[in-house]
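Input: a single structure, listed below in structure tokens.
A quick note: this is a predicted structure, and the numbers were derived from the prediction, not measured. For reference, positions follow the sequence shown, starting with 1. The analysis underlying the following values was restricted to heavy atoms, covering all of them including side chains, and did not include hydrogens, waters or symmetry mates. Atoms within a ligand are numbered from 1 in the order they appear, just like the ligands themselves.
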Amino acid sequence: MQIKGAVALVTGANRGIGRAYVAALLEAGAAKVYAAARNPAAVADFAAAHPGKVEAIKLDITDHAEIAAAAAKCRDVSLLINNAGINRQAGFVAAGDLASARAEMETNYFGPLAMCRAFAPVLKANGGGAIVNMLSILARVNLPMYGSLCASKAAALSMTQGVRGELAPQGTLVVAIMPGACDTEMEPNFPPPKLAPAEAARAALAGVESGSEEVYPGDMAAGIHQGLAADAKAIEKDLAKYLPQ
Ligand SMILES: NC(=O)c1ccc[n+]([C@@H]2O[C@H](COP(=O)([O-])OP(=O)(O)OC[C@H]3O[C@@H](n4cnc5c(N)ncnc54)[C@H](OP(=O)(O)O)[C@@H]3O)[C@@H](O)[C@H]2O)c1
């Protein structure tokens, strides 16, 4: 699939990697970008700078009525980018209760799943297109300091594989993006080096264009990916040293 001429919808487009996705899509020649945000005023600058090309829409991915309204309105989407996510930075046992684990599953698993379900017929009507699910290298191995975040991303990786199988007959490419730490508000205390949001977004779009099913942007993700292939237990034990604060 080519980005040039595509009509994309990006969730969580107001900041971090979501903003970088909108910029990268425009740079690569997308015909139109729906910049979806819980607060659409936060993407009004993009819409004003690119009239007719960027349209702000209100979308909380945990709100099923808003998802249905977005799918009904954005009938021309050929590239869905499930970018929105949260990290409560919580351990499994150290957390006071299950609230963070449940919230991460709602936003990082059920939200993108509901988006895939709502937009599958739209993508089919537009020739197949592609879905980009913004996961994390932590979908592949648990980091105890962010234990429940990892579980939600692992669930989303399994969902990505299943949706890929279900949508293959309609020609939809389903891509898992699994970066390491990126330089956004999500990881303010994580030590550098961190991947620039623009690099993560560009790597994801290059993956779509090359038909890749898994993309590991940046050195951290690529290193862990290789390490898992060589000795998964060693990587698990290495990450197990990082415990909840
Ligand atoms: N930063 C990293 O190190 C890193 C590494 C690997 C993967 N990722 C993934 O990359 C994606 C983007 O993360 P980021 O680093 O750009 O984080 P960020 O700067 O914290 O931005 C998160 C975005 O998600 C939106 N969001 C959260 N809950 C939402 C909901 N229920 N409905 C709609 N939007 C919602 C936020 O909107 P509000 O402004 O309204 O809160 C914000 O736009 C996430 O899926 C994240 O897990 C990030």
Side-chain angles (χ1 to χ4, degrees), residues 9-24 34-46 56-67 69-70 80-90 100 102-115 118 131-143 145-146 148-157 159-160 175-204 214-222 224-225 239 242:
L9 185 149
V10 181
T11 66
N14 54 302
R15 60 189 170 94
I17 303 169
R19 264 191 105 76
Y21 266 120
V22 178
Y34 292 102
R38 288 194 278 202
N39 172 14
V43 285
D45 58 333
F46 257 138
I57 65 164
K58 177 165 167 45
L59 180 58
D60 179 331
I61 60 160
T62 64
D63 183 322
H64 289 251
E66 288 191 6
I67 290 175
L80 169 64
I81 300 186
N82 283 315
N83 164 76
I86 58 169
N87 179 359
R88 291 280 176 86
Q89 309 198 356
S100 291
R102 287 191 196 283
E104 286 164 340
M105 288 300 276
E106 279 300 327
T107 305
N108 299 339
Y109 170 65
F110 285 110
L113 169 57
M115 288 293 292
I131 296 173
V132 166
N133 285 341
M134 198 59 191
L135 308 177
S136 164
I137 191 61
L138 298 178
R140 301 277 318 279
V141 59
N142 199 277
L143 178 71
M145 66 188 270
Y146 300 159
S148 54
L149 169 277
C150 301
S152 70
K153 292 292 187 180
L157 174 57
M159 178 273 282
T160 301
V175 189
I177 313 296
M178 293 182 268
C182 301
D183 196 6
T184 70
E185 290 170 48
M186 184 173 278
E187 299 275 6
N189 304 319
F190 203 89
K194 292 191 270 194
L195 190 66
E199 279 184 55
R202 285 197 198 110
E214 295 185 357
V215 178
Y216 296 91
D219 293 343
M220 181 188 291
I224 294 177
H225 176 48
L239 268 59
Y242 299 91

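- Here the shortest heavy-atom distance to atom 22 (C) of ligand 1, taken over G12, A181, G85, A84, belongs to G85.
- Considering E185, M186, M220 only, the shortest heavy-atom separation from atom 17 (O) of ligand 1 involves M186.
- Which of V43, I67, V10, L135 comes nearest to atom 9 (C) of ligand 1 through a heavy atom is settled by distance: it is L135.
- No donor-acceptor pair under 3.5 Å is formed between the side chain of N133 and the backbone N or O of L135.
- Residue, atom and distance of the protein heavy atom nearest to atom 43 (O) of ligand 1 are N14 OD1, 2.7 Å.
- Distances from ligand 1 to the non-hydrogen atoms of T11 include no value under 4.0 Å.
- Among all non-hydrogen protein atoms, the one lying nearest atom 12 (C) of ligand 1 is N83 OD1, 3.2 Å.
- Within a 6.0 Å radius of CG in D219, no more than 12 heavy atoms belonging to other residues, nucleotides or ligands are found.
- Within the 4.0 Å heavy-atom cutoff, K153 counts among the residues contacting ligand 1.
- With atom 10 (O) of ligand 1 as the reference point, the heavy atom nearest to it among M134, E66, E104 is part of M134.
- Selection from A13, G180, P217 by nearest heavy atom to atom 5 (C) of ligand 1 gives G180.
- In terms of protein heavy atoms, atom 19 (O) of ligand 1 is closest to R15 NH1, 3.3 Å.
- In terms of protein heavy atoms, atom 3 (O) of ligand 1 is closest to C182 N, 2.7 Å.
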